Each structure stands twice: as C-alpha cells, then as structure tokens.
Amino acid sequence: GAVVSQHPSWVICKSGTSVKIECRSLDFQATTMFWYRQFPKQSLMLMATSNEGSKATYEQGVEKDKFLINHASLTLSTLTVTSAHPEDSSFYICSAPRTGPHEQYFGPGTRLTVT
Amino acid sequence: QKEVEQNSGPLSVPEGAIASLNCTYSDRGSQSFFWYRQYSGKSPELIMFIYSNGDKEDGRFTAQLNKASQYVSLLIRDSQPSDSATYLCAVNPSNRDDKIIFGKGTRLHILP
C-alpha cells in the first residue's frame, strides 16, 4: 500500500537552532500534505496545509514565520521549525491524501526535543 | 478550527465485552467522519470512515452516524486486549479539501 515516510524519526536540538523535518510520499504523488503537532496526551492539532508549488495555508494561531513549510515537489514537503524553543518539543506528524480524505496516509512521526 | 469533542476517558471495558466510543462535532456542514486508533508514540491508523447516516460495519467494528444530532460513535465488539489504545474521532469539515480535524481522543483500556 501507499506509504508516507518522515525523516528524521527523532531529533534533539538546542534552543535557538532550526530543525527541518521531511515528509515523503513514496509511491504516489501528493499535491497536498498536512502537518500536525501532538503534545503528550493531546490530540493531533492541524498546523498547516502544504500545497505543491504554492504557499502553505496555516491554521489560526500557527506562526508561519516560525514553522516554514516548503512543498517543492509532488512527493516531498518539509517543515522547518525556526529558532526552536523547549515549548516546540512535540511529536510532528505529516499526512498525505491519495484519492480523498478517506484515503489519507500518515507518516510515522518525528519526535522533536528542544533542550 | 471546527471542534470535535470526545470524552478523554479512560474507558475500561472487560475483555469480550462491547466498547462504545462517542463523538460530537460542531460543524453541521461536515461531510465525512473517521475513527482512528493510535498507540502510544505511533501515528494514527484508520479504522473506519462513514459518510451517510446510519450504521457501517466492518468486522468487529461498527460506526454509527447521526447528522441531525451531530453525533458519531464507534462500537467494538468482542473487545481484545490489543484494542487498548487511544481512539480518535475525526471530521472532514467540507468537501472542498481533504483536511481532517481530530478530537482529543478517548483512551480505551481492555481489561484481561
């Protein structure tokens, strides 16, 4: 079946540095990908919609200058957490729909820890 | 974001019994509804989706949708210890895109 990968699976960085997370659709093209963040014992919170070839659409309350999203190809979206702080420590998950919302594939997630 | 509400639990159910999970949503225009299962530290995995009012069955799982009441439920029959997980109700708010909004999830614990 279709697979979405994420890299890295976990990362530790120092406060003030930037971290890039990749999301790839391995066997289908995804014009749209979604980025979620999940804090411990909380639900997945949609951060933004990544659109191939155009600007990302951010959900209310998400700082677009802090969470930079680039969707340069039909199989790759990247999320860069700029000037990371400990409160950005979270589980970041991407997803890509194939034929519709009912066929949406989630990446395995990236655990970010900011020290 | 449009809201999806769930009881956070934990919900404890004896092995072999029926587990009943409930969810309400605020956007009356929502088009499709999903139940995901998430194990700790893992990504969610789709259990079922439902579009139309009524019941939809798949093996031990039955999803129920009542659009008038803006209510979705999931029944798990013959509960197994491996069903212990967090169950996330999710909604596609419109038919214009594939965006999915999640509820906070209900933690289910199946007692052996």
Side-chain angles (χ1 to χ4, degrees), chain A residues 1-7 9-10 21 23 25 28-52 54 56-62 77 90-113, chain B residues 1-10 21 23-27 29-52 56 58 63 65 72 85-109:
Chain A
V3 175
V4 171
S5 70
Q6 279 185 244
H7 177 81
S9 56
W10 60 271
I21 302 170
C23 177
S25 55
F28 68 100
Q29 294 181 331
T31 56
T32 301
M33 292 183 177
F34 299 101
W35 286 98
Y36 294 87
R37 178 170 56 181
Q38 186 175 35
F39 293 108
K41 302 194 178 189
Q42 300 291 319
S43 187
L44 280 77
M45 186 64 65
L46 180 65
M47 299 175 67
T49 303
S50 175
N51 304 299
E52 188 271 334
S54 65
T57 305
Y58 291 82
E59 296 297 309
Q60 189 174 2
V62 177
S77 174
S90 188
F91 192 44
Y92 291 85
I93 304 173
C94 70
S95 72
R98 186 171 189 174
T99 59
H102 64 287
E103 191 183 9
Q104 182 138 194
Y105 297 95
F106 284 81
T110 297
R111 177 79 55 191
L112 169 63
T113 301
Chain B
Q1 292 185 9
K2 307 299 182 183
E3 291 198 355
V4 179
E5 300 287 342
Q6 293 181 258
N7 187 319
S8 61
L21 303 162
C23 168
T24 58
Y25 59 94
S26 63
D27 185 359
S30 298
Q31 297 294 310
S32 48
F33 308 86
F34 308 86
W35 282 101
Y36 283 83
R37 178 174 61 198
Q38 186 178 30
Y39 294 108
S40 181
K42 302 294 185 182
S43 283
E45 52 181 324
L46 181 66
I47 298 174
M48 293 187 69
F49 62 89
I50 186 167
Y51 294 142
S52 303
K56 179 180 180 182
D58 184 0
L65 173 61
V72 193
T86 296
Y87 288 79
L88 302 168
C89 175
V91 171
N92 174 233
S94 77
N95 60 2
R96 292 173 297 176
D97 59 40
D98 297 333
K99 182 187 299 188
I100 290 180
I101 305 300
F102 286 87
K104 290 186 176 180
T106 298
R107 287 182 292 133
L108 175 64
H109 184 208

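Below, each value reflects all heavy atoms present in this structure, side chains not excepted, and no hydrogens, waters or symmetry copies. All figures in this text were calculated on a predicted structure; none of them were measured in a lab.
- With values rounded to the nearest 0.5 angstrom, A:Tyr36 atom OH is found 6.0 Å from B:Ile101 atom CD1.
- Looking at B:Gln6, neither its backbone nor its side chain comes within 4.5 Å of chain A, counting heavy atoms on both sides.
- Pairing each heavy atom of B:Tyr36 with each of A:Pro101, the nearest pair is OH-O, 4.4 Å.
- With a 4.5 Å cut-off on non-hydrogen atoms, B:Phe33 does not touch chain A at all.
- Using a 4.5 Å cut-off between heavy atoms, A:Thr49 touches chain B through its side chain atoms alone.
- Here the shortest heavy-atom pairing between A:Phe106 and B:Ser43 reads CB-CB, 4.1 Å.
- In this structure, the portion of B:Lys42 lying under 4.5 Å from any heavy atom of chain A is its backbone and not its side chain.
- Between A:Leu44 and B:Leu88, some side-chain heavy-atom pair lies under the 4.5 Å cut-off.
- Looking at B:Ile100, the atoms closer than 4.5 Å to chain A (heavy atoms on both sides) sit in the backbone and in the side chain alike.
- Most heavy-atom pairs under 4.5 Å with chain A: of the set B:Gly41, B:Ala90, B:Gly105, this distinction falls to B:Gly41.
- The heavy-atom pair separating B:Tyr51 from A:His102 by the smallest distance is OH-ND1, 3.1 Å.
- Residues A:Ile93 and B:Gln38 are in side-chain contact: their nearest non-hydrogen atoms beyond the backbone lie under 4.5 Å apart.
- Looking at A:Gln38, only its side chain comes within 4.5 Å of chain B, counting heavy atoms on both sides.
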Tell me, with the steps shown, if B:Phe49 and A:Gln104 meet side-chain contact (heavy atoms from CB on, under 4.5 Å).
CA-CA 11 Å; B:Phe49 62 89; A:Gln104 182 138 194; over 6 Å; no
